[in-house]
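Take a look at the structure set out below.
Residue numbers begin at 1 in each chain, while the letters A, B, ... track the order of the sequences.
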2 protein chains.
Amino acid sequence: MKPPVSDPSFTPKRERILDAAEELFARHGYDGVTLRQIAKKADVDVALANYHFGKKRDLFEATFLRRAQILNDVRLQALLEAEKEGDGTPPLEAIISAFLRPIQALKLSSDPGWRNYCALVAYINSSAVWGEEMMHRHFDPLVSRYIAALKKALPNTEPEKIHWCYHYLSGALTLTLAQTGRIDRLSEGLCQSTDSQTAYDLMIPFVAAGFERICGEP
Amino acid sequence: MKPPVSDPSFTPKRERILDAAEELFARHGYDGVTLRQIAKKADVDVALANYHFGKKRDLFEATFLRRAQILNDVRLQALLEAEKEGDGTPPLEAIISAFLRPIQALKLSSDPGWRNYCALVAYINSSAVWGEEMMHRHFDPLVSRYIAALKKALPNTEPEKIHWCYHYLSGALTLTLAQTGRIDRLSEGLCQSTDSQTAYDLMIPFVAAGFERICGEP
DNA sequence: GTCTATAACTGGATAGAC
DNA sequence: GTCTATCCAGTTATAGAC
């Protein structure tokens with residue numbers, strides 16, 4: 001008989017290592033974390049990380065990859081649905097929603113690991129060392145589909161402008177994912193980094209307005 | 001007679017250490033860099049970093065602080081000038097310009113160190129560990145002045161919304177400062193991370209439109 | 001100010017018992 | 001799969017000669 005999966009103490013050790021790595025890498029970066037710290041947080045032996053994942057670098061990749069495909073899948077679903085509703089060319093805001101809402105949904109889901117995973121993606125996307133390679137390999141194929149949809153929604157716009165607007169969107173999203181707590185301090189508690197509801201509800205129209213201004217739609 | 005400052009071999013070693021630390025910390029993060037690497041890049045002895053700056057942590061702070069005051073000064077100047085021109089309440093876009101243009105100007109200045117310093121600020125702002133404390137202590141006093149100006153330019157708006165919009169602005173700026181090279185790849189060379197001219201020229205209207213949409217001005 | 005030498009420690013990685 | 005024991009390269013930091 002298998003123990004119930006809901007009890008964290010019964011979680012397979014392999015998964016516990018990934019959970020711990022996710023949280024620590026997200027917060028302290030690749031070099032700021034030791035395998036010993038990860039093992040301690042996961043409550044497993046140090047050598048076990050090596051047994052399951054090989055080198056530290058490979059554990060980092062495995063942590064990143066575990067949820068990347070899931071995120072890509074739900075996003076692709078959202079984009080396809082928007083395209084179906086929009087008869088092939090959904091309006092701008094629907095595309096941006098399809099890009100952002102899945103993340104919001106995962107954050108609000110039952111699995112709290114998504115919060116750490118999002119922070120990990122923010123860390124990787126902000127880093128020149130990791131970002132260029134890893135984001136390109138694992139996320140850009142899907143992002144290219146979003147860019148293509150944006151081009152269709154905003155014809156008569158130079159592709160260059162669409163790329164820059166996507167860059168600003170990516171920046172706003174990345175800092176939101178990082179949940180650094182800075183907005184909490186700056187606003188003296190008025191806003192919270194953890195308030196995903198407000199963060200995404202406002203981000204979508206904010207970004208949509210920016211696109212419209214730059215890409216010259218009414 | 002002082003040697004010409006343009007010759008790097010005559011730069012005082014202390015400054016060379018800061019230059020090297022700036023570049024390496026920005027790219028690899030605090031934990032991703034060793035004092036030996038910094039010393040090697042600066043072409044000085046390992047012990048010298050310790051002699052001048054004390055512990056590694058203090059060298060990191062010193063690197064961050066060297067240009068922070070300068071940046072705050074030019075920004076404050078820009079904000080005051082905008083307020084003078086706007087009779088106390090400059091229009092939205094003038095405030096955003098006063099926030100962003102000084103950075104663009106420093107990046108385009110003769111001192112290439114500003115490029116690395118900007119990436120360092122991006123690293124710190126993206127990090128939950130460093131960001132909350134260091135950004136708050138050294139940048140938030142001035143940022144609060146910008147927020148106050150935004151509140152005046154956008155009356156009848158809940159302060160909460162202004163803070164969130166500033167957060168999106170900060171995110172777009174941070175990813176731009178990081179110059180990760182991702183936009184280069186995604187756009188297949190159409191756009192360059194290093195193209196500050198375009199990056200800021202488009203960011204200002206993009207962000208202004210977002211503010212207007214959220215904060216309900218025409 | 002500058003460098004040599006070294007102390008004291010921590011990191012990743014693995015071999016081998018169970 | 002799991003854990004003990006250990007290797008050794010590389011780290012910060014400093015004491016002391018010049």
Between A/T176 (side chain only) and A/A172 (backbone N and O only), is there a donor and an acceptor less than 3.5 Å apart?
yes
Short of 4.0 Å, heavy atom to strand atom, which residues of residues 32-43 of chain A count as contacting DNA chain C?
A/V33, A/T34, A/L35, A/R36
Mind calculating the distance between CZ (A/F25) and C1' (C/dG12) to the nearest angstrom?
12 Å
Distances under 3.5 Å only, N/O to N/O: pair up the protein atoms with those of nucleotides 14-16 of chain D.
{"from": "D/dT14", "atom 1": "OP1", "to": "B/K55", "atom 2": "NZ", "distance (Å)": "3.2"}

When you check the side-chain N and O atoms of B/Q77 and B/D73, is any donor under 3.5 Å from an acceptor?
no
Taking atom CG of A/L48 and atom CG of A/L35, what is their separation to the nearest 0.5 Å?
11.5 Å
Rounded to whole Å, CG of A/D45 lies from P of C/dA15 at a distance of 16 Å
Atom-to-atom span, CG of A/L48 to P of D/dA5 - whole angstrom
17 Å
Apply the test salt bridge (Lys or Arg N to Asp or Glu O under 4.0 Å) to residues B/D201 and B/R101: give CA-CA distance (whole Å), side-chain angles for both, the deciding distance (0.1 Å), then the verdict.
CA-CA 9 Å; B/D201 285 355; B/R101 290 285 186 210; 2.9 Å; yes
Identify which nucleotide among C/dT2, C/dG12, D/dC3 has an atom closest to any side-chain atom of B/H52, counting heavy atoms from C-beta outward.
C/dT2
Mark yes or no: A/K161 above the aromatic ring of B/F206, with NZ or CZ under 6.0 Å from the six-membered ring centre and no more than 45 degrees from the axis.
no
The ring pair (Phe, Tyr, Trp, His ring centres under 6.0 Å) partner of B/F25 among B/Y117, B/F60, B/W130, B/F64 is B/F60
Neighbour count >12 (heavy atoms, 6.0 Å) for atom CD, B/E81
no
Does B/L186 offer a backbone N or O that forms a donor-acceptor pair with the side chain of A/D140 under 3.5 Å?
no
Let me know the distance between NZ of B/K56 and C1' of D/dT11, rounded to the nearest Å.
9 Å
Within the pair A/K13 and D/dC3, is there a side-chain N or O less than 4.0 Å away from OP1 or OP2?
yes
Here the distance between atom C1' of D/dT11 and atom CZ of B/R57, to the nearest Å, is 18 Å
